Q: 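Handing you this structure, nothing more for now.
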Amino acid sequence: MLPGPVFHLPYPSADNGVTTEQALQALERLFSVEIDVHEVGCFILEAVQGEAGFLALEPAFAQALRGFCDTHGILIIIDEIQSGFGRTGQRFAFPRLGIEPDLLLLGKSIAGGVPLGAVVGRRELMASLPKGGLGGTYSGNPLACAAGVATLALMSDANLSSWGELQERAIVGRYAAWKANGLTPYLGRLTGVGAMRGIELITPEGKPATAQLAQVMEQARAAGLLLMPAGKARHIIRLLAPLTIEPALLERGLDILEQCLAQLA
């Protein structure tokens with residue numbers, strides 16, 4: 001059976017200028033105009049949006065949504081496939097929102113790069129599934145599960161915290177220096193939290209600098225650094241190095257990025 005209709009709401013974040021109030025107004029309009037609240041089964045959201053350019057969700061909205069869903073019997077599903085396992089400085093990103101999801105979607109870092117996915121949820125929800133009712137492309141593989149067990153053993157809270165803090169200090173410190181020194185007029189905001197960061201490129205007129213980002217990516221690749229674009233306009237550089245990267249290698253990558261950004265001046 002195909003899922004029912006999907007509706008979208010604005011994503012409130014200090015990183016994109018959408019406020020909690022605007023998102024809640026859109027939520028109110030959704031149920032006033034688009035669909036009856038009793039026809040909605042769940043809200044699916046990312047605690048930190050990945051493909052959009054590492055935008056951190058406003059905690060006030062998450063808490064208001066949690067209250068709304070509790071009132072109307074709607075589930076909250078949080079996707080932490082990108083933000084989980086230390087990327088934001090703690091094991092998962094959702095605790096900074098002040099809520100708990102009903103279901104949590106996991107993947108990628110859970111097995112150190114070996115394909116593996118998982119769903120974690122409230123006992124009454126997980127226990128309600130019939131035998132064999134939960135499956136997926138990246139579940140049940142013995143090799144992937146063994147890799148997951150080994151990876152999770154290394155992902156202690158202490159390790160995750162130290163790895164994330166090291167990257168955060170390096171990235172935030174370098175960005176602050178670039179901004180203070182006027183490295184390039186195209187340097188916009190630093191988005192995200194912890195080690196999950198995006199660097200926005202904008203034109204002096206305030207428009208997405210998509211062409212400039214493409215130039216930076218090409219020059220960086222020639223220098224040995226692979227970068228990923230993000231954002232609707234593909235104008236945000238996504239920084240998502242392995243948490244276990246050696247500090248010297250991280251600094252080398254930032255050096256190359258700095259050199260490429262400087263050529264935009």
Side-chain angles (χ1 to χ4, degrees), residues 5-35 37 40-72 74-84 87-90 92-105 168 171-172 175-176 179 186-210 212-213 228-240:
V6 175
F7 296 86
H8 295 87
L9 292 174
Y11 187 89
S13 171
D15 295 322
N16 66 0
V18 177
T19 67
T20 293
E21 290 71 22
Q22 290 171 327
L24 290 176
Q25 288 172 4
L27 177 69
E28 181 179 359
R29 182 189 181 281
L30 175 69
F31 293 114
S32 298
V33 178
E34 302 286 345
I35 188 172
V37 69
V40 174
C42 67
F43 282 87
I44 304 176
L45 55 91
E46 291 180 277
V48 181
Q49 280 194 341
E51 301 302 319
F54 292 167
L55 312 179
L57 186 67
E58 283 291 328
F61 174 79
Q63 293 164 23
L65 183 64
R66 177 76 273 178
F68 179 89
C69 290
D70 289 343
T71 298
H72 296 284
I74 301 173
L75 301 182
I76 289 182
I77 302 174
I78 293 184
D79 176 349
E80 292 237 30
I81 292 172
Q82 287 197 40
S83 62
R87 286 294 173 189
T88 60
Q90 50 192 340
F92 299 110
F94 73 82
R96 63 173 289 276
L97 301 175
I99 68 168
E100 287 191 2
D102 299 295
L103 294 172
L104 185 66
L105 310 182
E168 181 177 24
I171 295 169
V172 174
Y175 170 84
K179 200 72 173 175
Y186 294 97
L187 188 61
R189 295 174 295 182
L190 182 69
T191 66
V193 295
M196 194 174 181
R197 295 287 181 167
I199 297 176
E200 180 187 50
L201 296 187
I202 57 173
T203 67
E205 296 76 29
K207 297 184 180 299
T210 304
Q212 286 74 18
L213 177 52
M228 294 182 66
K232 184 178 180 180
R234 288 295 185 262
H235 69 297
I236 299 175
I237 300 170
R238 241 186 322 176
L239 301 182
L240 200 63

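Keep in mind that the numbers below use all heavy atoms, side chains included, and drop hydrogens, waters and symmetry copies. Since the structure is predicted, the reported quantities are computational estimates derived from the model, not experimental observations.
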Q: Check D15 with R197, please: is the shortest side-chain N to carboxylate O separation under 4.0 Å?
A: no
Q: Is any side-chain heavy atom of L240 closer than 4.5 Å to a side-chain heavy atom of M196?
A: yes
Q: Is the shortest side-chain heavy-atom distance between P101 and L103 below 4.5 Å?
A: no
Q: Tell me, with the steps shown, if E46 and L105 meet side-chain contact (heavy atoms from CB on, under 4.5 Å).
A: CA-CA 10 Å; E46 291 180 277; L105 310 182; over 6 Å; no
Q: Considering all heavy atoms of both residues, which atom of E28 and which atom of S32 are nearest to each other, and what is their separation?
A: O-OG, 2.8 Å
Q: To the nearest 0.5 angstrom, please state how far the CG atom of D102 sits from the CD1 atom of I76.
A: 6.5 Å
Q: Which is it for V40 and L30 under the side-chain contact (heavy atoms from CB on, under 4.5 Å) test, yes or no, and what are the steps along the way?
A: CA-CA 11 Å; V40 174; L30 175 69; 5.8 Å; no
Q: Kindly indicate whether the side chain of I99, heavy atoms from C-beta on, has any atom under 4.5 Å from the side chain of L65.
A: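 They are not in side-chain contact.
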Q: When you compare the side chain of L27 with that of Q25, does any pair of heavy atoms fall below 4.5 Å?
A: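 Of all side-chain heavy-atom pairs linking L27 with Q25, none is under 4.5 Å.
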Q: Heavy atoms only: give me the nearest C42-I77 pair and the separation to one decimal.
A: SG-CD1, 3.8 Å
Q: For T88 and V193, indicate whether the former's side chain and the latter's backbone hold a donor-acceptor pair under 3.5 Å.
A: no
Q: Drop me the distance from L24's CG to E58's CD, to the nearest 0.5 angstrom.
A: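 Here the rounded value is 11.0 Å.
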Q: Keeping Y11 on the side-chain end and L55 on the backbone end, is there a donor-acceptor pair under 3.5 Å?
A: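 Looks like yes, one N/O pair under 3.5 Å.
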Q: Counting only N and O atoms by type, is there a donor-acceptor contact under 3.5 Å from the side chain of E200 to the main-chain atoms of R189?
A: yes
Q: Compare all side-chain heavy atoms of L45 with those of D79 and state whether any distance is below 4.5 angstrom.
A: no
Q: Step by step, work out the side-chain contact (heavy atoms from CB on, under 4.5 Å) result for F92 and L104.
A: CA-CA 10 Å; F92 299 110; L104 185 66; 4.2 Å; yes
Q: Evaluate the side-chain proximity of I202 to Y186: yes if any heavy-atom separation is below 4.5 Å, no if none is.
A: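 Heavy-atom side-chain distance check fails, nothing below 4.5 Å.
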Q: Between R96 (side chain only) and L57 (backbone N and O only), is there a donor and an acceptor less than 3.5 Å apart?
A: yes
Q: Considering all heavy atoms of both residues, which atom of A60 and which atom of T20 are nearest to each other, and what is their separation?
A: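 Here A60 and T20 meet closest at CB-OG1, 3.9 Å.
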Q: Considering all heavy atoms of both residues, which atom of L97 and which atom of A47 are nearest to each other, and what is their separation?
A: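 Minimum heavy-atom contact is CD1-CB, 4.0 Å.
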Q: Parallel, tilted or perpendicular for H72 and F68, by the 30°/60° rule?
A: tilted
Q: Just verifying a value: how many Å separate I199 CD1 and H235 NE2, rounded to the nearest 0.5 Å?
A: 12.5 Å
Q: Is there side-chain contact between L187 and K179, with heavy atoms separated by less than 4.5 Å?
A: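 L187 reaches K179 side chain to side chain.
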Q: Look at atom CD of E100 and say whether more than 12 heavy atoms of other residues, nucleotides or ligands are closer to it than 6.0 Å.
A: no
Q: For a quick check under 3.5 Å, do Q82 and E51 share a side-chain donor-acceptor pair by atom type?
A: yes
Q: Counting N and O atoms only, with roles assigned by atom type, does the side chain of Q22 sit under 3.5 Å from a partner on the main chain of T19, one being a donor and the other an acceptor?
A: yes
Q: So which heavy atom on R66 is nearest to which on I74, and how close?
A: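 The answer is NH2-O, 3.9 Å.
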Q: Report yes if the side chains of F54 and I236 come closer than 4.5 Å at any heavy-atom pair, otherwise no.
A: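 The answer is no, as the side chains (C-beta and beyond) never meet within the 4.5 Å cut-off.
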Q: Is there a donor-acceptor pair under 3.5 Å between the side chain of S83 and the backbone N or O of V48?
A: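 A pair under 3.5 Å: no.
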Q: Show the nearest heavy-atom pair for residues T210 and A233, with the distance to one decimal.
A: OG1-O, 2.6 Å
